[in-house]
Structure formats: C-alpha cells, structure tokens
Amino acid sequence: MSIQSSPAERSTMRLHDLPPRAGDRPRTTSSAPHTQLDQNAPTDLQDRLREHALSLPGVRSGRSKVSVPGAIAFFLDQPTRTPDLPDLFNGEWGHIHPAHDGSLHLNVPTPVAEKLIELGWAEYHYVVTQGWAPPVVIMLYGPRDEKELDIAKAIVETAYVAAGGEQHAADGQELSAFHRSAFGTLS
C-alpha cells in the first residue's frame, strides 16, 4: 500500500489501512530514560515532524516536564473540545526526544496504541508496562524515510486530536488519518 503525503489523500486512510512498519523493531531502553537506541530518524525528518506537531492549531512548544533535557514538548493549553484522554502531564500530550534519539512519546487512545504496537510502529512507554500509567502512553519510533514521516505525522495528529485539539486544519482538511470513529473500532 502506498501512503500519500497530501492531507486530502492521507485523511482517507483508516487505522486498519496502516501497513506494518518494515524491518525489525529498533532497540530501546526498558527504564528511564526511555530511549530509541538504533534505526534513528535522520535529523531533517525529526525537524520536519517536530515542526508539523508545532504547526497544529493551539499547540505551543516548551520544555518537557517529564522527559530528558533537550526534548521538545507539545502543549495544548486550551483544548477546543473535550479530550478523549485524561491529561496525564499538565497539557503535555507528547514530546520529541533530542536528535541522537529522535523517537517521540505520545498519548493516544488505547485501541490506537494497541494497533500501532501490533504493526511495529510503537511500543508502550515503560511507565505503562510498570503499571504507573494507563495504556495510552507510547513511544513512536522515529521515521526513517519520507513514507514513514507521513505515517508519523498522522499519528502525531491522532495524539493532538485525542488531547482535545481541533479536528480540522485551517484549510478545512481533517486532521488525523485515524478518525475518532476508529478509536473504538479497529476492523
């Protein structure tokens, strides 16, 4: 399956249309700090993914309250609608790690997390595996190429929408390839 990069084409993809991530999962740490150790995203793709997250309506950047120094957090201070998830980190719905890592931690609905993990795009954050947080906190592996960048952008949009963000961009395009209707049904 070919993932298209235009918002109009990307918005028609459903969660069950997502292809498996190619290759083996990257190695990661199993404790703090939760880090991706190999298959790291090229810096330019990290920059573009970070800028995409920060371009979403109402998102501001800041220092992460829960990650390593150098991580850039994504905050939504004024959700425009009721969030689909609890606010676990005082408005921080995700962050991208420094360039030597390039992975992200995001909060997504549990059915989305389960599907992303099944397809090899993500893993639960160790705080979930330890029972310290609900199964909504994931590590999204950094994108290795343009195709993976498009998918990562859609996953970031999913986390943003779940945090109570706008469902449409300024140009009217629906945000997140994984519509809210998919959160409960993954067929």
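Start at 1 with the first residue, then count along the sequence.
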inquiry  = Strictly distance-based, threshold 3.5 Å: is any side-chain N or O of Glu148 a donor or acceptor partner for the main-chain N or O of Arg144?
reply    = yes
query = Are the side chains of Val108 and Val136 in touch, meaning some heavy atoms are under 4.5 Å apart?
reply = no
request  = Give, for atom NE2 of His52 and atom CG of Asp47, the distance between the pair rounded to the nearest 0.5 Å.
outcome  = 14.5 Å
query = What do the steps show when you test Gln39 against Arg21 for side chain to side chain donor-acceptor pair (under 3.5 Å), and what is the final call?
reply = CA-CA 12 Å; Gln39 300 183 43; Arg21 182 178 176 275; 2.9 Å; yes
key: Pairwise side-chain contact, Leu119 with Pro19, heavy-atom cut-off 4.5 Å (strictly under)   = no
request  = List the atom of Tyr126, the atom of Ser30, and the distance in Å for their closest heavy-atom pair.
outcome  = CB-O, 3.7 Å
inquiry  = Whether Lys115 and Glu118 form a salt bridge (side-chain N of Lys/Arg under 4.0 Å from carboxylate O of Asp/Glu) is what I want to check.
reply    = yes
remark   = Of all heavy-atom pairs linking Leu49 and Leu149, the shortest is CB-CD1, 3.8 Å
query = So, for His34 and His97, is the gap between ring centers shorter than 6.0 Å?
reply = no
task = Keeping the roles fixed (side chain from Gln36, backbone from Gly142), state whether a donor-acceptor pair exists under 3.5 Å.
result = yes
inquiry  = If I compare all heavy atoms of Leu175 with all of Tyr160, which pair ends up nearest, and what's the gap?
reply    = CD1-CE2, 3.6 Å
query = Would you say the side chains of Glu123 and Tyr141 form a donor-acceptor pair under 3.5 Å?
reply = yes
query = Would you call Glu146 and Arg48 a salt bridge, taking side-chain N to carboxylate O under 4.0 Å as the test?
reply = yes
request  = Indicate yes or no for a side-chain donor-acceptor contact from Ser67 to the backbone of Ala73 under 3.5 Å, with no hydrogens or angles considered.
outcome  = no
message = Measuring from atom CG of Asp87 to atom CH2 of Trp93, what distance do you get when rounded to the nearest 0.5 angstrom?
response = 12.5 Å
key: Side chain to side chain, Gln46 and Ile96, heavy atoms closer than 4.5 Å   = yes
message = Could you check whether any side-chain N or O of Asp38 sits under 3.5 Å from a backbone N or O of Arg27, counting only pairs where one atom can act as donor and the other as acceptor?
response = yes
message = Check for me, please, whether Leu140 and Leu54 land in the same ILVMFWY cluster - side-chain distances under 4.5 Å, paths through other members count.
response = yes
key: Closest heavy-atom pair and its distance - Pro109, Ala162   = CD-CB, 3.8 Å
query = Hey, is the main chain of Ala122 close enough, under 3.5 Å, to the side chain of Arg25 for a donor-acceptor pair?
reply = yes
request  = Kindly indicate whether the side chain of Lys65, heavy atoms from C-beta on, has any atom under 4.5 Å from the side chain of Asn90.
outcome  = yes
note = On a heavy-atom basis, the closest approach of Ser61 and Phe75 is C-CD1, 4.3 Å
message = To the closest 0.5 Å, what do you measure between CE (Met139) and CG (Asp101)?
response = 5.5 Å
ask   = Short question: side chain of Thr35, backbone of Pro33 - any donor-acceptor pair under 3.5 Å?
value = yes
ask   = To the nearest 0.5 Å, how far apart are CG in Leu85 and OG1 in Thr110?
value = 7.5 Å
Note, Phe74 side chain near Leu104 side chain (heavy atom, < 4.5 Å) = yes
message = Could you tell me if the side chain of Arg81 sits less than 4.5 Å from the side chain of Val161, heavy atoms only?
response = yes
Side chain Arg50, main chain Leu45, donor-acceptor under 3.5 Å = no
key: Distance (rounded to the nearest 0.5 Å) between Leu18 CG and Trp121 CH2   = 6.5 Å
